[in-house]
Amino acid sequence: MANIFSSLKKAYTLLKNVDFEKFSNLDETQLQGLMKLIGSPHKERQIPPVEGDFYHLGDEALKDEDRALQLKVRAFLEKEVKPIVNKYWLKAAFPFELIPKIAELNICGLTYQGYGCMGKSNLMEGMLAMEMARIDTSISTFFGVQSGLAMGSIYLLGSEAQKQEWLPDMQQMKIIGAFGLTEPEVGSGVAGGLTTTAKRNGSKWILNGQKKWIGNATFSDVTIIWARDVDDNQVKGFLVRKGTTGFAVEKMQDKMALRIVQNGLITLTNCEVDEDDRLQNANSFKDTAKVLKMTRAGVAWQAVGCARGAYESALSYTTTRKQFGRPIASYQLIQNHLVEMLSNLTAMQTLCFRLSQLQDQGLLTDAHASLAKVFCSMRTRDVVSRAREVMGGNGILLEYDVARFVADAEAIYSYEGTKEINTLIVGRAITGFSAFV
């Protein structure tokens, strides 16, 4: 009742001061517009929900139980991870308290059959990688090393005894793994230029060399070390246990991207590994490449997640940030940026969707995975750049998250094969000519 009297009082005050003679020259259309203005109560604008899945791939593609798992993981990330990532990112520290909480989600080794794993689709795994990177690429990378590179090496190339020993505890994240392939002087050229050596000595292997940029290495319980056998010149894989004599790790400092990921510089000095801890089905770099093909698809999904996180942060910001008396989302130039971001994001999502379908059908090739990595990592750079642009000066503040996405996109652009190397893989597939050398 009080609101009605207040409105009547305002109307009376307005009408009392109106000079009606001035309205005599208005035509019918103008009068109707005026009456509509006076008679219609102001309605609060309904802002659409912030949603980066514009084509509803998650709704349409997943079974109900898988969609429920995706939303469960999203809720966990929003509640447990998002509030703390900026603090840890700034300190370049890892939130170890998250490991048992992530383990409770029961998603590690998601696509593997047996050993406590769920045996889900590669599409499901890709979407969960996206969900993680949507909140923080570092956490997604930590998980990808554990579930993909480390567990994947054992799952694809280990003996049954090795799988039984390692995979169940790794699936529960009681054992954390790392993957040591890249070297200080050898990144893209590891296929033919690996310098870490392995020498058979009875029932032992003696490893010497260095590995660089090895995620999880500073706290891993087991590290997959790839080394070249000096006798047959073939690349082999070794399970190096934490505390092994001759195995030393130094944390890499002063990174501008993926600061939560604990990358290590590993030095192997006459490091002895039992023959039983050699990956029994890893006999050449072609076997190593099987692991990389599998995980490269996951990195493309990570790029999608990074872009989606930046887009959604920017979209939300533009609907609340006001300049010249209006939300900046109402201006044409801002909407142009948002639509271009969404176009790139949607193209990336649909490409990765098809990529995972090919993987589930057993049709995935190196070139398929490489094309996705090339395109998605490039487009992510563009999306995060536009997200930072529409946020103006606030775009470089960590509290708005986009600055972190901008930095982390640079790491995605380089790891799991640079743009140039992946381009040459695709180029070889479509032309029949190898342009690597």
Side-chain angles (χ1 to χ4, degrees), residues 65-66 68-70 72-73 76-77 80 94-129 131-132 139-181 205 214-226 236-244 247 249 261-262 273-282 287-288 290-295 297-298 359-360:
E65 64 180 51
D66 290 344
L69 179 58
Q70 180 191 18
K72 178 183 177 181
V73 171
F76 167 81
L77 292 162
E80 301 288 348
F94 188 87
F96 290 101
E97 68 271 23
L98 288 179
I99 292 179
K101 296 179 181 179
I102 296 173
E104 289 178 2
L105 295 171
N106 195 33
I107 57 174
C108 208
L110 189 73
T111 62
Y112 309 145
Q113 298 289 337
Y115 315 104
C117 302
M118 297 179 72
K120 294 287 187 180
S121 68
N122 289 286
L123 177 61
M124 184 71 214
E125 182 179 55
M127 287 196 166
L128 293 190
E131 291 291 346
M132 289 189 178
I139 295 299
S140 180
T141 299
F142 155 74
F143 186 81
V145 171
Q146 169 73 5
S147 181
L149 290 169
M151 287 184 69
S153 295
I154 300 171
Y155 184 77
L156 293 177
L157 306 173
S159 66
E160 185 58 34
Q162 290 170 332
K163 294 176 186 179
Q164 294 289 349
E165 178 181 0
W166 294 103
L167 292 181
D169 282 343
M170 293 181 79
Q171 196 278 334
Q172 290 295 311
M173 304 188 82
K174 296 176 182 177
I175 290 176
I176 300 300
F179 181 88
L181 178 62
W205 289 84
I214 311 306
N216 303 355
T218 62
F219 59 92
S220 60
D221 300 295
V222 61
T223 302
I224 312 297
I225 292 294
W226 299 94
K236 293 179 170 62
F238 300 87
L239 294 152
V240 182
R241 300 167 187 259
K242 185 176 184 178
T244 298
F247 181 86
V249 184
V261 176
Q262 304 299 290
V273 178
D274 291 336
E275 163 62 14
D276 288 344
D277 284 338
R278 179 180 64 84
L279 286 175
Q280 296 299 302
N281 296 310
D287 295 318
T288 315
K290 295 176 183 177
V291 182
L292 298 177
K293 180 175 72 172
M294 175 184 68
T295 57
Q359 196 169 8
D360 284 326

Peer 1: Taking only residues two or more places apart in sequence or in another chain, which ones pass ring pair (Phe, Tyr, Trp, His ring centres under 6.0 Å) with Trp166?
Peer 2: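 Listed in chain order: nothing, the list is empty.
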Peer 1: For Gly177 and Ser220, which heavy atoms make the closest approach, and how far apart are they?
Peer 2: C-CB, 4.0 Å
Peer 1: Which heavy atom of Gly109 sits nearest to which heavy atom of Cys117, and what is that distance?
Peer 2: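 Nearest heavy atoms, Gly109 then Cys117: O-CB, 3.1 Å.
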Peer 1: How far does CZ of Phe179 sit from CD1 of Ile225, to the nearest 0.5 angstrom?
Peer 2: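 It comes to 10.0 Å.
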Peer 1: Closest heavy-atom contact between Met132 and Ile139?
Peer 2: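 It is SD-O, 4.4 Å.
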Peer 1: Donor-acceptor check, side chain of Asn216 to backbone of Ala178, threshold 3.5 angstrom: yes or no?
Peer 2: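 Side chain of Asn216 to backbone of Ala178, a donor-acceptor pair under 3.5 Å: no, none is there.
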Peer 1: Which distance, rounded to the nearest 0.5 Å, do you find between the OG1 of Thr295 and the CG of Leu149?
Peer 2: 4.5 Å
Peer 1: Side chain to side chain contact (heavy atoms under 4.5 Å, CB included), that's the test. Do Tyr112 and Leu156 meet it? Break it down for me.
Peer 2: CA-CA 10 Å; Tyr112 309 145; Leu156 293 177; over 6 Å; no
Peer 1: Please check: side-chain N/O of Gln146 versus main-chain N/O of Met170, any donor-acceptor pairing under 3.5 Å?
Peer 2: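 Here the side-chain-to-backbone pair exists.
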Peer 1: Show, in sequence, the C-alpha distance, side-chain angles and deciding distance for Asn281 and Asp287, and conclude whether the side chain to side chain contact (heavy atoms under 4.5 Å, CB included) test is met.
Peer 2: CA-CA 8 Å; Asn281 296 310; Asp287 295 318; over 6 Å; no
Peer 1: Using the ring pair (Phe, Tyr, Trp, His ring centres under 6.0 Å) criterion, which residues pair with Phe143? Sequence neighbours excluded.
Peer 2: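 Residues passing ring pair (Phe, Tyr, Trp, His ring centres under 6.0 Å) with Phe143: none at all.
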Peer 1: One pair to check against side chain to side chain contact (heavy atoms under 4.5 Å, CB included): Ile224 and Val291. What are the steps and the verdict?
Peer 2: CA-CA 12 Å; Ile224 312 297; Val291 182; over 6 Å; no
Peer 1: Which residue pairs satisfy the salt bridge (charged side-chain N to carboxylate O under 4.0 Å, His left out) criterion with at least one member in residues 111-125, sequence neighbours excluded?
Peer 2: Glu65-Lys120, Asp66-Lys120
Peer 1: Heavy atoms only: give me the nearest Trp226-Ala282 pair and the separation to one decimal.
Peer 2: CZ3-CB, 3.9 Å
Peer 1: With rounding to the nearest 0.5 angstrom, report the CZ to CD distance, Arg278 to Gln280.
Peer 2: 4.5 Å
Peer 1: Drop me the distance from Leu128's CG to Lys72's NZ, to the nearest 0.5 angstrom.
Peer 2: 11.0 Å
Peer 1: Quick one: are Thr223 and Phe247 in side-chain contact, heavy atoms under 4.5 Å?
Peer 2: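 A side-chain contact under 4.5 Å exists here.
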Peer 1: With a 3.5 Å cut-off and no angle check, do the side chains of Gln171 and Asn106 form a donor-acceptor pair?
Peer 2: yes
Peer 1: Hey, are the side chains of Ile102 and Cys108 touching, using non-hydrogen atoms and a 4.5 Å cut-off?
Peer 2: no
Peer 1: Any idea which heavy atoms bring Met124 and Ser121 closest together, and the distance?
Peer 2: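 Minimum heavy-atom separation between Met124 and Ser121: N-OG, 3.0 Å.
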Peer 1: Run the numbers on Leu181 and Ile214 for side chain to side chain contact (heavy atoms under 4.5 Å, CB included), then give the verdict.
Peer 2: CA-CA 8 Å; Leu181 178 62; Ile214 311 306; 5.9 Å; no
Peer 1: What I want to find out is whether Lys101 reaches Glu104 closely enough, with some N-O distance under 4.0 Å, to be called a salt bridge.
Peer 2: no
Peer 1: Output the distance between atom NZ (Lys236) and atom CG (Leu279), rounded to the nearest 0.5 Å.
Peer 2: 11.5 Å
Peer 1: Can you name the one residue among Asp276, Ile154, Val273 that meets side chain to side chain contact (heavy atoms under 4.5 Å, CB included) with Leu239?
Peer 2: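 Going through the options one by one, the only one that passes is Ile154.
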Peer 1: Are any of the side-chain heavy atoms of Leu110 and Asn122 separated by less than 4.5 Å?
Peer 2: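 Counting from C-beta outward, Leu110 and Asn122 never come under 4.5 Å.
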Peer 1: Give a yes or no on whether the backbone of Phe238 and the side-chain of Asp277 come within a donor-acceptor separation of less than 3.5 Å.
Peer 2: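 No; zero donor-acceptor contacts below 3.5 Å.
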Peer 1: Tell me whether the rings of Tyr115 and Tyr155 are parallel (<30°), tilted (30 to 60°) or perpendicular (>60°).
Peer 2: perpendicular
Peer 1: Is the side chain of Thr111 donor-acceptor paired with the backbone N or O of Gly119 at a distance under 3.5 Å, no angle test?
Peer 2: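 Checking the backbone N and O of Gly119 against the side chain of Thr111, no donor-acceptor pair under 3.5 Å is found.
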Peer 1: Find the distance between CG (Leu69) and CE (Met127) and round it off to the nearest 0.5 Å.
Peer 2: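 Those atoms lie 12.0 Å apart.
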